[in-house]
Amino acid sequence: MNHKLAVAALCILGAGFAGPARAEIDTVDQLVHNAMQLDRHPDRGGKLFARYCSSCHGTGGTGDAEKIIPSLAGQRQAYLIKQLADFSLRERDDEIMHAVLSRAPLRDPQTWADMAAYLNASAPVESPQTGDGKDLELGEAIYGEQCASCHEEDGRGDDDGFVPSLRNQHYSYIVQQVQNLAAWHRRDVDENLIRFLGSFDQRERMAVADWLARMRDEPHDRMRLNDDGTAGD
């Protein structure tokens, strides 16, 4: 897997970029920056989530594995804000999310900050969907060698909060997103990550997804779960 390590190193170094026009990226980045500076009101975020999002993502944001809808509960605040901005400005493709975020109350960075705070503080799904368990040793080895340098050994994401937590996520959704990334169906990520994931075969993708979906141990440093320095529970 040395070729994968080489691609991963390029990804970490941020070599090269292909994607939306620079002005569009600056707009997203500025909106995310603005949202990150706001006071966060998780109670308000919870009410908005219940009204606009829970019909798909479930009460408390635990997702729907059968419909391949992700669990958002416990996810990093900065990452959630970034994804909401990307969907809102259509830098990430999903017609349903575009329709939802076109509603006036959800186009506001304050709403993104509030919903992200609510979801981050929500209890993660207790029993995410898992795979068949046949290649867990392979999945553990690949994750430790190829993925932990960015997502940390316990899958919590980076200390800044923009690299997502991969814990407490449904197997079907992880597999789908890895496939989408490898097929260049996500425009809001670095092209080197796309090439890196494209170097995995389907067995390897499924093995890593199954390993991640089965992470049940406590994160090594709960204080780093939130980008604002607060504990995750």
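Values below: all heavy atoms of this structure, side chains included; hydrogens, waters and symmetry mates excluded.
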Does any N or O in the side chain of [X] come within less than 3.5 Å of the main-chain N or O of [Y], such that one atom is a donor and the other an acceptor?
{"X": "D135", "Y": "L138", "value": "no"}
{"X": "Q129", "Y": "S172", "value": "yes"}
{"X": "R156", "Y": "R76", "value": "no"}
{"X": "R186", "Y": "A183", "value": "no"}
{"X": "Q77", "Y": "A113", "value": "no"}

Could you state whether [X] and [Y] fall into the same hydrophobic cluster, counting links through intermediate Ile, Leu, Val, Met, Phe, Trp or Tyr residues with side-chain heavy atoms under 4.5 angstrom apart?
{"X": "V163", "Y": "M215", "value": "no"}
{"X": "W112", "Y": "L38", "value": "no"}
{"X": "Y79", "Y": "V125", "value": "no"}
{"X": "I194", "Y": "F196", "value": "yes"}
{"X": "L197", "Y": "V189", "value": "yes"}

By side-chain contact (heavy atoms from CB on, under 4.5 Å) - contacts of [X] (at least two apart):
{"X": "D93", "result": "H98, R187"}
{"X": "D132", "result": "K134, D210"}
{"X": "L119", "result": "F49, L72, L80"}
{"X": "Q179", "result": "V175, Q202, R205"}

For Y173, the hydrophobic cluster (side chain heavy atoms closer than 4.5 Å, chained through members) also holds I68
Write out all pairs satisfying side-chain hydrogen bond (donor to acceptor under 3.5 Å, both in side chains) with one or both partners inside residues 53-69, taking only residues at least two apart or from two chains.
none
Please determine whether a side-chain nitrogen of the Lys or Arg among D201 and R203 lies less than 4.0 Å from a carboxylate oxygen of the Asp or Glu.
no
In Å and rounded to the nearest 0.5 Å, what is the [atom1] to [atom2] distance from [X] to [Y]?
{"X": "H170", "Y": "Q176", "atom1": "NE2", "atom2": "CD", "value": "12.5 Å"}
{"X": "L212", "Y": "S165", "atom1": "CG", "atom2": "OG", "value": "9.0 Å"}
{"X": "M206", "Y": "Y171", "atom1": "CE", "atom2": "OH", "value": "3.0 Å"}
{"X": "Q83", "Y": "D94", "atom1": "CD", "atom2": "CG", "value": "11.5 Å"}
{"X": "D188", "Y": "D86", "atom1": "CG", "atom2": "CG", "value": "4.5 Å"}
{"X": "L48", "Y": "D43", "atom1": "CG", "atom2": "CG", "value": "11.0 Å"}

Can you tell me which residue pairs pass the salt bridge (charged side-chain N to carboxylate O under 4.0 Å, His left out) test with a partner in residues 45-60, sequence neighbours excluded?
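Pairs touching residues 45-60 that pass the test: none.
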Suppose the criterion is salt bridge (charged side-chain N to carboxylate O under 4.0 Å, His left out): which pairs have a residue in residues 112-122, not counting sequence neighbours?
R44-D114
N/O donor-acceptor pairs under 3.5 Å from side chains in residues 99-109, not counting sequence neighbours:
| from | atom 1 | to | atom 2 | distance (Å) |
| --- | --- | --- | --- | --- |
| S102 | OG | A99 | O | 2.6 |
| R107 | NH1 | S102 | O | 2.2 |
| D108 | OD1 | Q110 | N | 3.1 |

Partner residues of T130 under the side chain to side chain donor-acceptor pair (under 3.5 Å) criterion, sequence neighbours left out
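Counting only residues at least two positions away or on another chain, T130 forms no side chain to side chain donor-acceptor pair (under 3.5 Å).
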Please name all residues satisfying side chain to side chain donor-acceptor pair (under 3.5 Å) with E153, sequence neighbours left out, ordered by chain then number.
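Residues passing side chain to side chain donor-acceptor pair (under 3.5 Å) with E153: H220.
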Given side chains that start at C-beta, do those of [X] and [Y] come closer than 4.5 Å, heavy atoms only?
{"X": "F162", "Y": "V32", "result": "yes"}
{"X": "C53", "Y": "M115", "result": "yes"}
{"X": "T27", "Y": "Q30", "result": "no"}

Write down the atom of [X], the atom of [Y], and the distance for their closest heavy-atom approach.
{"X": "G60", "Y": "S122", "value": "O-CB, 3.7 Å"}
{"X": "G131", "Y": "R214", "value": "O-NH2, 2.9 Å"}
{"X": "A123", "Y": "A73", "value": "O-CB, 3.3 Å"}
{"X": "P124", "Y": "G74", "value": "CG-CA, 4.5 Å"}
{"X": "G161", "Y": "A78", "value": "O-CB, 3.4 Å"}

E137 atom CD: more than 12 heavy-atom contacts under 6.0 Å
no
Using the side-chain contact (heavy atoms from CB on, under 4.5 Å) rule, take V178 and V208 through it: C-alpha gap first, then chi angles, then the decisive distance, then the call.
CA-CA 10 Å; V178 173; V208 172; over 6 Å; no
Partner residues of R92 under the salt bridge (charged side-chain N to carboxylate O under 4.0 Å, His left out) criterion, sequence neighbours left out
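Salt bridge (charged side-chain N to carboxylate O under 4.0 Å, His left out) list for R92, sorted by chain: empty.
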